[in-house]
Amino acid sequence: MERAELAGWLRLSLTPGIGDGAARRLLAAFGLPEGVFAQPHAALREVVSSAQAEALLQPPVGLQTQIDQTWQWLHTTDNGVSRRVVTPGDASYPASLLETADPPLMLYVVGAAGFDLTQLGHSIAVVGSRNPTPQGATNARSFARALGEAGLPVVSGLALGVDGAAHQGALDAAGDAPRLATVAVVGTGLDRVYPARHRDLAHRITLQGLIVSELPLGTPPLTQNFPKRNRLIAGLARGTLVVEAALQSGSLITARLTSEQGKEVFAIPGSIHSPQSRGCHALIRQGAKLVESVSDILEELPPLGAPAAAAPSAGNGHPAAAATKDPLLEALGFDPVSLDALSARTGWSAAALQAKMLELELEGHISRLPGGLFQRAAST
């Protein structure tokens with residue numbers, strides 16, 4: 001993209017009062033941004049309001065600084081990592097976003113030079129709570145890894161909790177292979193990483209995936225931007241898997257948008273006692289597919305994924321699928337339980353239980369939860 005072209009797109013996107021909808025109407029009427037800004041007030045008034053037409057006639061405050069900053073960002077080299085701006089009409093603009101109700105005017109993209117967003121036809125979004133249970137985090141990572149091993153890139157939001165675990169699982173699956181493993185859609189400008197503790201993860205993604213934002217450089221982590229970016233997660237992926245979510249979770253926004261786009265929604269059930277399971281249970285009641293293994297996802301995507309029988313053995317989403325029958329695990333059940341309750345069920349002493357529970361925890365058959373509770377891995 002030439003500097004003058006970049007300047008036109010930035011001016012259009014940054015003009016106060018001109019949202020993506022108005023910008024699309026202007027582009028449909030006058031062509032590229034330079035054509036928009038060549039119009040007199042009367043011509044603009046035929047497409048937008050008088051106040052919007054007035055705003056278009058004046059360059060936004062700080063425009064030149066934004067142009068300089070973005071141009072410099074685009075031309076900063078970083079060992080095979082590519083930085084680009086993608087606009088509607090570009091060959092690398094994903095068709096799946098153009099088909100949504102509100103496609104972004106500009107996409108800022110950073111990542112491995114050989115990858116672009118048109119390679120996401122096979123992708124699945126994996127989203128969920130920022131505060132998952134230990135089992136939820138494990139499920140997110142193992143499902144994402146299994147999806148990656150089946151050849152499906154994973155799209156998520158780089159947030160704490162399920163998002164981060166999903167990206168890590170997808171990267172685990174890719175290993176050193178030169179393929180698009182995962183895409184992170186973020187709610188800030190791409191000149192910053194949020195949350196900061198995911199800085200190393202973000203760096204790994206730029207080497208084997210892409211990080212995407214519709215927000216201009218310098219945009220801080222503002223609360224209102226995160227629900228809005230969820231439409232991009234839904235739009236880029238073929239379907240959405242919700243791992244854990246409370247009833248007020250932003251993940252349910254992504255699920256709703258996925259459904260509205262005519263795509264598949266998947267949800268992992270959990271304990272009836274866990275608030276983090278209630279969002280998934282609500283989705284299942286509304287028609288989302290209940291998922292117990294990655295095969296449940298792949299069988300809904302036969303043209304794109306491997307047949308269910310060919311799903312990777314790691315794809316059951318649980319670290320202890322091959323565990324043999326154990327009387328203590330049978331007594332534990334699948335709901336969170338305290339040592340006192342387990343002692344009452346089994347008649348074992350507290351000391352004997354603690355020793356055995358530690359052994360099972362180290363083997364990955366159970367998870368230790370807050371409040372002194374334990375929960376069995378679902379496939380043990």
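The analysis underlying the following values was restricted to heavy atoms, covering all of them including side chains, and did not include hydrogens, waters or symmetry mates.
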TODO: Could you grab the distance from atom CG of D191 to atom OG1 of T219, nearest 0.5 Å is fine?
DONE: 7.5 Å
Open item on the list: Would you say that more than 12 heavy atoms from the other residues, nucleotides or ligands in this model lie under 6.0 Å from the CD of E5, or not?
Closed with: yes
Open item on the list: Rounded at 0.5 Å granularity, tell me how far CG in L222 sits from OG1 in T188.
Closed with: 9.5 Å
Open item on the list: For the CD1 atom of I297 and the CD atom of E292, what is their distance to the nearest 0.5 Å?
Closed with: 12.0 Å
Open item on the list: Could you tell me if T133 and E244 have a donor-acceptor pair between their side chains, going purely by distance under 3.5 Å?
Closed with: yes
Task: H203 NE2: over 12 foreign heavy atoms closer than 6.0 Å - done: no
Task: Qualifying residue for side-chain hydrogen bond (donor to acceptor under 3.5 Å, both in side chains) with T240, from T254, N230, T258 - done: T258
In residues 23-35, what donor-acceptor pairs under 3.5 Å come from side-chain atoms, sequence neighbours left out?
unit_1, atom_1, unit_2, atom_2, d
R24, NH1, D102, OD1, 3.2
R24, NH1, P103, O, 2.9
R24, NH2, D102, OD1, 3.4

TODO: Using only heavy-atom distances, determine whether the side chains of S156 and D163 contain a donor-acceptor pair under 3.5 Å.
DONE: yes
Open item on the list: Within the structure provided, determine whether R3 and D68 are in side-chain contact (heavy-atom separation under 4.5 Å).
Closed with: yes
Open item on the list: Is there a side-chain contact between F266 and D296 in this structure, where contact means two heavy atoms from C-beta onward sitting under 4.5 Å apart?
Closed with: no
Kindly list each side-chain donor-acceptor pair under 3.5 angstrom involving residues 124-131, sequence neighbours excluded, with atom names and distances?
unit_1, atom_1, unit_2, atom_2, d
S129, OG, N131, N, 2.8
S129, OG, N131, O, 3.4
S129, OG, Q276, NE2, 2.9

Open item on the list: Taking the side chain as everything from C-beta on, heavy atoms only, tell me whether P153 gets closer than 4.5 Å to H122.
Closed with: yes
Task: Donor on one side chain, acceptor on other, Q168 and D172, under 3.5 Å - done: no
TODO: Under the side-chain hydrogen bond (donor to acceptor under 3.5 Å, both in side chains) rule, what do S49 and Q52 come out as? Steps first, then yes or no, please.
DONE: CA-CA 5 Å; S49 70; Q52 289 173 316; 3.2 Å; yes
- [ ] Have a look at F143 and tell me which of T138, V162, V291 forms a side-chain contact (heavy atoms from CB on, under 4.5 Å) with it.
- [x] V291
Open item on the list: Counting only heavy atoms not in Q224 (residues, nucleotides, ligands), do more than 12 fall under 6.0 Å from its CD?
Closed with: yes
Open item on the list: Is the positively charged end of R11 above the ring of F37, judged by distance under 6.0 angstrom from the centroid and angle within 45° of the axis?
Closed with: yes
Task: Side-chain cluster (under 4.5 Å, hydrophobic types only) that I253 belongs to, other residues - done: L257
TODO: Give the intermediate values and the outcome of side chain to side chain contact (heavy atoms under 4.5 Å, CB included) for residues L180 and L120.
DONE: CA-CA 9 Å; L180 179 61; L120 287 178; 3.7 Å; yes
Open item on the list: Can you see whether Q135 engages N139 through a side-chain donor-acceptor pair at a distance of less than 3.5 angstrom?
Closed with: yes
Task: Modelled atom types, side-chain donor and acceptor of D90 and T87, under 3.5 Å - done: yes
Open item on the list: Taking CD in E260 as the centre, count heavy atoms belonging to other residues, nucleotides or ligands within less than 6.0 Å. Is the count above 12?
Closed with: yes
